[in-house]
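See structure below.
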Amino acid sequence: MQDISEIINLKDHPITNKNYLNSCLNVLQDKSVLILKNFLNNDSLNNILNEALLLEPKAFYCNQKHTVLLNKTNINLSKNNPLNIEVTSDKGCVPHDLINQDSPLNILYQSNIFKNFLLYVLNINKIFPYKDKLSSINYNYYQNQQQLGWHFDNASFAITLMIQSADTGGIFEYISDVRDYKNNYINKKLIGEILNNKVKCEELLVNPGTLVLFYGRNYLHRVTPVKSLKPRILVTLNYNEEKNVELSENARVTFFGRL
């Protein structure tokens with residue numbers, strides 16, 4: 001079994017160092033996004049990419065229409081209501097149970113060193129894997145013309161690893177000052193302007209091997225359509241603050257094609 005030092009670039013990212021931890025914590029609290037370039041060692045990144053390419057034929061592809069709140073349209077709301085306008089998300093996904101137990105992703109996900117880093121930087125007390133066998137770690141594939149439509153996350157935080165960038169397109173875009181989840185505030189006017197391409201959004205250019213922590217519940221974000229035959233490949237590392245949480249049956253069927 002690999003040691004965590006064979007997976008993480010600890011020279012650039014000493015995730016047990018208090019000064020480094022405080023720096024990451026401050027950036028995430030200030031910006032709501034933490035970007036750690038070259039987080040993975042080169043050999044580890046290559047191993048994960050090779051695994052991703054081997055598993056790609058087993059990916060389940062789905063095409064969804066949803067609102068920015070990840071709902072279906074509401075017949076009681078106007079079709080022009082920014083919270084009721086549908087966007088498109090389509091991608092492929094490989095669930096956790098198809099990923100080898102000895103994969104660097106499983107070792108990283110289960111590492112107490114990595115989990116303690118997340119607890120400190122996210123300023124939370126506990127994290128747990130999903131109860132179901134599909135949802136904890138996922139490979140996500142965006143093929144030519146596929147995208148992730150504008151939305152807010154349901155989870156309080158997101159953890160991703162970029163594995164392969166598309167040659168063109170597949171850009172992560174986001175905008176702040178749109179929502180305050182805790183105070184039940186949402187700027188519908190700004191959302192409408194974003195959906196109508198009237199607002200310049202921030203772009204996050206992420207190279208392979210980069211770890212991103214993101215508070216996507218308050219930031220409206222999307223992945224623009226991929227415009228190359230080379231797919232965009234991203235890993236999501238999914239944890240919960242409560243024990244025994246499982247993705248709903250409807251969500252599992254939607255994203256993985258099975259329970």
Side-chain angles (χ1 to χ4, degrees), residues 1-56 93-130 135-141 153 155-165 170 172 204-216 223 231-241:
M1 180 176 289
Q2 284 183 296
D3 184 84
I4 197 72
S5 64
E6 298 177 35
I7 299 171
I8 301 174
N9 174 12
L10 294 175
K11 180 180 178 181
D12 292 342
H13 302 287
I15 61 173
T16 60
N17 179 280
K18 193 66 173 288
N19 290 332
Y20 179 82
L21 289 168
N22 284 329
S23 175
C24 291
L25 173 67
N26 292 336
V27 170
L28 186 58
Q29 289 184 339
D30 182 47
K31 304 292 186 182
S32 288
V33 59
L34 176 65
I35 306 162
L36 302 180
K37 297 180 180 179
N38 299 315
F39 186 80
L40 295 176
N41 284 329
N42 287 333
D43 286 347
S44 179
L45 173 60
N46 289 333
N47 289 338
I48 293 171
L49 175 58
N50 288 335
E51 179 177 61
L53 296 175
L54 285 172
L55 288 173
E56 186 176 356
C93 191
V94 165
H96 191 187
D97 66 350
L98 295 181
I99 299 172
N100 193 298
Q101 284 298 310
D102 293 329
S103 166
L105 291 179
N106 267 314
I107 296 166
L108 178 67
Y109 185 89
Q110 297 164 10
S111 164
N112 287 328
I113 293 174
F114 182 63
K115 287 189 285 188
N116 287 336
F117 161 73
L118 296 176
L119 291 172
Y120 193 97
V121 173
L122 293 166
N123 195 26
I124 55 179
N125 294 320
K126 294 181 180 179
I127 52 175
F128 301 94
Y130 273 86
S135 307
S136 292
I137 307 173
N138 297 146
Y139 278 110
N140 297 273
Y141 304 84
D153 290 342
S156 57
F157 59 86
I159 306 164
T160 66
L161 282 167
M162 178 60 77
I163 305 304
Q164 177 174 273
S165 302
F172 185 90
L204 189 59
L205 301 177
V206 182
N207 295 321
T210 299
L211 178 78
V212 176
L213 274 66
F214 185 73
Y215 286 127
V223 175
R232 180 184 195 264
I233 303 177
L234 184 82
V235 168
T236 55
L237 304 173
N238 308 307
Y239 298 90
N240 298 284
E241 294 183 62

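Heavy atoms only: backbone and side chains are in, while hydrogens, waters and symmetry mates are out. Owing to the predicted nature of the structure, the values given are computational and were not obtained by experimental measurement.
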Would Leu36 and Asn9 count as a side chain to side chain contact (heavy atoms under 4.5 Å, CB included) if you check the C-alpha gap in whole Å, the side-chain angles of each, and the deciding distance to 0.1 Å?
CA-CA 10 Å; Leu36 302 180; Asn9 174 12; over 6 Å; no
Main chain of Asp102, side chain of Asn100: is a donor-acceptor contact present, judged purely on distance under 3.5 Å?
yes
Quick one, Thr16 and Leu10 - any side-chain contact, counting heavy atoms below 4.5 Å?
no
Answer yes or no: is there a donor N or O on one side and an acceptor on the other, between the side chain of Asp153 and the main chain of Ala155, under 3.5 Å?
no
On a heavy-atom basis, which atom in Ser156 and which in Tyr215 lie closest, and how many Å separate them?
O-CD2, 3.1 Å
Output yes when a side-chain donor or acceptor of Ser44 lies under 3.5 Å from a complementary backbone atom of Asn41, and no otherwise.
no
Would you indicate whether Asn46, at its atom CG, is surrounded by more than 12 heavy atoms from other residues, nucleotides or ligands within a distance under 6.0 Å?
yes
Say whether, by atom type as modelled, one donor and one acceptor occur between the side chain of Tyr109 and the main chain of Asn238 under 3.5 angstrom.
yes
What distance do Asn50 atom CG and Ser103 atom OG have between them, rounded to the nearest 0.5 Å?
11.0 Å
d(Ile124 CD1, Asn240 CG) to nearest 0.5 Å is 10.0 Å
Measure up the Phe114 and Tyr239 rings against each other and bin them: parallel (under 30°), tilted (30 to 60°), perpendicular (over 60°).
tilted
Atom CG of Leu55 and atom SG of Cys93: how far apart are they, to the nearest 0.5 Å?
11.0 Å
Do any pairs count as a side chain to side chain donor-acceptor pair (under 3.5 Å) and have a residue in residues 114-129, sequence neighbours left out, and if so which ones?
Asn22-Tyr120
side-chain hydrogen bond (donor to acceptor under 3.5 Å, both in side chains) assessment of His96 paired with Asn106:
CA-CA 9 Å; His96 191 187; Asn106 267 314; 2.7 Å; yes
Nearest heavy-atom contact between Tyr20 and His13 is OH-ND1, 2.6 Å
Gap between atom CD of Gln110 and atom CD1 of Ile4 - 0.5 Å precision:
10.5 Å
Would you mind telling me which of Leu122, Val121, Ile159, Val212 makes a side-chain contact (heavy atoms from CB on, under 4.5 Å) with Leu34?
Val121
Heavy-atom distance under 4.5 Å between the side chains of Gln164 and Pro231, does that happen here?
yes
Walk me through it: do Glu51 and Ile99 pass the test side chain to side chain contact (heavy atoms under 4.5 Å, CB included)?
CA-CA 8 Å; Glu51 179 177 61; Ile99 299 172; 3.8 Å; yes
Does the side chain to side chain contact (heavy atoms under 4.5 Å, CB included) test come out yes or no for Leu234 and Phe172, once each step is laid out?
CA-CA 11 Å; Leu234 184 82; Phe172 185 90; over 6 Å; no
One should read off an interatomic distance between Asn38 CG and Leu211 CG, to the nearest 0.5 angstrom, of 12.0 Å
Can Phe214 and Thr160 be said to form a side chain to side chain contact (heavy atoms under 4.5 Å, CB included), step by step?
CA-CA 8 Å; Phe214 185 73; Thr160 66; over 6 Å; no
Taking the side chain as every heavy atom from C-beta outward, state whether Pro208 and Leu49 have any atom pair closer than 4.5 Å.
no
Give the minimum heavy-atom separation between Ile7 and Pro104, together with the two atoms involved.
CD1-O, 3.6 Å
Heavy atoms, side chains only, cut-off 4.5 Å: are Leu105 and Tyr139 in contact?
yes
About how many Å separate CG of Leu21 and CD1 of Ile15, when rounded to the nearest 0.5 Å?
8.0 Å
Pairwise side-chain contact, Leu237 with Leu118, heavy-atom cut-off 4.5 Å (strictly under)
no
What's the shortest heavy-atom distance between Asn207 and Thr210, and which atoms?
O-OG1, 2.8 Å
Looking at every heavy atom in both Asn138 and Asn140, which two are closest together, and how far apart are they?
O-ND2, 3.5 Å
Exercise: identify the closest heavy-atom pair between Leu40 and Ile48
CD1-CD1, 3.9 Å
